[in-house]
Undergrad: 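If you scroll down you'll find the structure; I have some questions about it.
Whatever order the structure lists ligands and atoms in, that order sets their numbers, starting from 1.
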Amino acid sequence: MKAVIPAAGLGTRMLPLTKAQPKEMLPVARKPTIQYIIEEAYEAGIREILIITGKHKRAIEDHFDRYEHDVRNGELEKLDRILEEMTIYYVRQKRPKGLGDAILHARAFADGEPFTLLLGDTITQPACIKEAIELHEKTGKSVVSLEKVPSEKVSLYGIVRIENGRITELVEKPSPEKAPSQWAILGRYVLTPDLFDYIKEVEPDRKGEIQLTDALQLMVEDGKEVLPHFFSGRRYDIGNFLDWLRANVELALEDPMLGEDFRRIIEEALKDVR
Ligand code: G1P
């Protein structure tokens, strides 16, 4: 199975942090976000990746080159071992025209086969894509990973309706009144290649963007089965400040090198900082 990682978005919700650096390169504990995603794909057995980049995203490509200097660093060595086994391709989306348009750039790479899609600004623990692939392998269907979100957050995500074990409706960023449920698309998918034809049929939204959610809705309307995968692990949306901070705190607390000292720092900060 191959993986596609869209990383072309502008990251406007994270400004000014993302003024000159890609949001996928924002650090979380000791690694940039996109490194967690490459590791997730690797753990799921994926060895070929296409990253869809765009303007101001050069740092991503540089990060996955080999480090030339002789330095001992566990995380660096782990990354080098992974990169040794992986092939990473890059393609640029020339204009930010939405996630659906970005994915169209992966058509030749997918080469008529099902592929995984991992959004470049989402970290999951444990590896969500592994579970989604297992469900796809059992059924042969497209799979969309979901997490339940509180009603005030439905307008940030694609929201789905589930009936009889299938996804029957998908709405991109609905208002709480219009949301078909509180099940949100979390950024991990296994997609069958017929998706590309549906993306081509999608009308741009109010911002002129082609949404993946709308293409999946066309697929479902056409009678194709799209299965829900209920992810029970943790998911961090690095596209908003609080979730990004939470990811830093939780993953640093779990880090074998930083965890113990960092816990002390947090406890002291909670006493000292008003
Ligand atoms: C994208 C998708 C949305 C999904 C979200 C997950 O939105 O369009 O359906 O719920 O990722 O993070 P974005 O965050 O790029 O606006």
Undergrad: Should the proximity of Thr213 to ligand 1, defined as any heavy atom under 4.0 Å, be assigned to the side chain, the backbone, both, or neither?
TA: side chain
Undergrad: Could you tell me the residue and atom name of the protein heavy atom closest to atom 10 (O) of ligand 1, and the distance to it rounded to 0.1 Å?
TA: Ile185 O, 2.7 Å
Undergrad: Identify, by atom number and element, the atoms of ligand 1 in contact range of Arg13, meaning under 4.0 Å from any of its heavy atoms.
TA: 14 (O)
Undergrad: How about CZ on Arg30, more than 12 heavy atoms from neighbouring residues, nucleotides or ligands closer than 6.0 Å, or not?
TA: yes
Undergrad: What atoms of ligand 1 come closer than 4.0 angstrom to any heavy atom of Gly158?
TA: 3 (C), 4 (C), 9 (O), 10 (O)
Undergrad: Between Glu209 and ligand 1, which part of the residue brings a heavy atom under 4.0 Å of the ligand: side chain, backbone, both or neither?
TA: neither
Undergrad: Answer yes or no: does atom CD of Glu260 have more than 12 heavy-atom neighbours from other residues, nucleotides or ligands under 6.0 Å?
TA: no
Undergrad: Counting only heavy atoms, which portion of Leu119 has something under 4.0 Å from ligand 1: side chain, backbone, both, or neither?
TA: side chain
Undergrad: Only counting residues at least two apart or in another chain, list the ones meeting side chain to side chain contact (heavy atoms under 4.5 Å, CB included) with Glu137.
TA: Ile133
Undergrad: Please name all residues satisfying salt bridge (Lys or Arg N to Asp or Glu O under 4.0 Å) with Lys224, sequence neighbours left out, ordered by chain then number.
TA: Asp194
Undergrad: Only one of Arg188, Lys130, Gln35 clears side-chain hydrogen bond (donor to acceptor under 3.5 Å, both in side chains) with Glu40; which?
TA: Arg188
Undergrad: Can we say Lys173 and Asp205 salt-bridge, meaning some charged N sits less than 4.0 Å from an Asp/Glu carboxylate O?
TA: no
Undergrad: Using a strict cut-off of 4.0 Å, indicate which atoms of ligand 1 neighbour a heavy atom of Arg235.
TA: 6 (C), 12 (O)
Undergrad: For ligand 1, find out whether one of its N or O atoms is nearer than 3.5 Å to an N or O atom of Glu172.
TA: yes
Undergrad: Got a sec: does the CZ of Arg47 have more than 12 other heavy atoms crowding it under 6.0 Å?
TA: yes
Undergrad: Numbering the atoms of ligand 1 from 1, which are under 4.0 Å from a heavy atom of Lys173?
TA: 7 (O), 13 (P), 16 (O)
Undergrad: Under 4.0 Å from atom 12 (O) of ligand 1, is there at least one protein heavy atom?
TA: yes
